[in-house]
Protein chains: 2
Amino acid sequence: MKRTDSILQSLRQDGHRITKARKALIEALQRTHQPVAALELHARLSKSKVTADKVTVYRELKFLADIGVVHPVHLKDNIQRYELAPESGHKHHLVCTECKTVKDVEMACADLHNLERNIGKKSNFTVRGHSLEFYGLCSRCA
Amino acid sequence: MKRTDSILQSLRQDGHRITKARKALIEALQRTHQPVAALELHARLSKSKVTADKVTVYRELKFLADIGVVHPVHLKDNIQRYELAPESGHKHHLVCTECKTVKDVEMACADLHNLERNIGKKSNFTVRGHSLEFYGLCSRCA
DNA sequence: GTCTATGCAAAGGCTTTGCAACCTA
DNA sequence: TAGGTTGCAAAGCCTTTGCATAGAC
């Protein structure tokens, strides 16, 4: 079953409704392989046949984040972005400071988990998660 | 020589003026051992004898960031914070999701530099820097 | 006196809230 | 039909800009 369909099905099971806007948003998120901001997503939908209000996009993204379908992504420009949650764990990103594109990093968190444990012990802090992004130049901008 | 003084001196050498607001801001930043948002800093100054306009705080922080005296810090709430730049390198943070306090991590970037190199090679991306924060519970909130 | 830095007002950009109308189940 | 969703308008927040004035050197 395709990712979109399984998401829609689980939404339905939880008593949520499958509206045109919701479906279009999830599909758009799936087509995108980068974290997207609400306004970006709204602009993309505007060019397609199924449109949705700006506010709907904000609300839907927040809703999808609440139920874990998308993950919030925070980059240096302080604009809230979201990306479809991966099957397990979470992603890290390579952000090109030149063209602003974002690439996923092929990297397990395993290395970081060790780090987390050590830090937790040393600092007497219960680490629950982390946020890691790399900034630099993509191959085209280098 | 104290940190504040050496900053002020280097500002003076570069032709910048030492105003009451500027001095108070730098001193407040030094007293703070956490990243601070402009409005937070403004509020703190408001309670002291030397006050400064909100806009002045915003402008001054941006200015200090441009010349490298402070470093911008990005947390999950998408509010711009700044902290006094350490003597060398940059800091990582432990953010308590409960009480929102931020603690510095005692950690060299060395481990990450290896990671950066590997990632750069694998992804054909020139890594210039990174952003890493840990989220969890501080000792008081755990 | 010169020119940077400041304060105030206003605007800008992203995001949230309120509420009536709509549409899915 | 009932209640989750949507759209529109308006407000909220953080942040930036413009411009005249104040103040450091």
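Everything numeric here is computed off the predicted structure, so don't read it as measured data. Within every chain, numbering begins at 1; the chains are lettered A, B, ... in the order of the sequence lines, protein sequences first and strands thereafter.
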What's the NZ-C1' distance between A/K62 and C/dT17, to the nearest Å? 11 Å
Take atom CG of A/L61 and atom P of C/dC14, then tell me their distance rounded to the nearest Å. 15 Å
Does A/R59 make a side-chain donor-acceptor contact with the base of D/dG7, cut-off 3.5 Å? yes
Sequence neighbours left out, cut at 3.5 Å: what donor-acceptor pairs do the side chains of residues 62-74 of chain A make with other protein atoms?
from, atom 1, to, atom 2, distance (Å)
A/H74, ND1, B/K76, O, 3.3
A/H74, ND1, B/N78, OD1, 3.3

Could you check whether A/R140 pairs with A/E98 (Lys NZ or Arg NE/NH1/NH2 to Asp/Glu carboxylate O, under 4.0 Å)? no
Run through B/H93, B/Q34, B/H33, B/K91 and flag the one making a side-chain hydrogen bond (donor to acceptor under 3.5 Å, both in side chains) with B/E83. B/H93
Between C/dG18 (P) and A/Y58 (OH): distance, integer Å: 18 Å
Which residues, if any, of residues 11-47 of chain A bring a heavy atom under 4.0 Å of DNA chain D? A/H16, A/R17, A/T19, A/A21, A/R22
What's the NZ-P distance between A/K54 and C/dT17, to the nearest Å? 17 Å
If only atom types and distance count, is the side chain of B/H90 paired as donor or acceptor with the main-chain N or O of B/A85 below 3.5 Å? no
Residues in residues 70-85 of chain A with a heavy atom under 4.0 Å of DNA chain D, by number, are none
Whole-Å distance separating the CG atom of B/D53 from the C1' atom of C/dA9: 10 Å
Return yes if some donor-acceptor pair links the side-chain N/O of A/K103 with the main-chain N/O of A/C138 below 3.5 Å, else return no. no
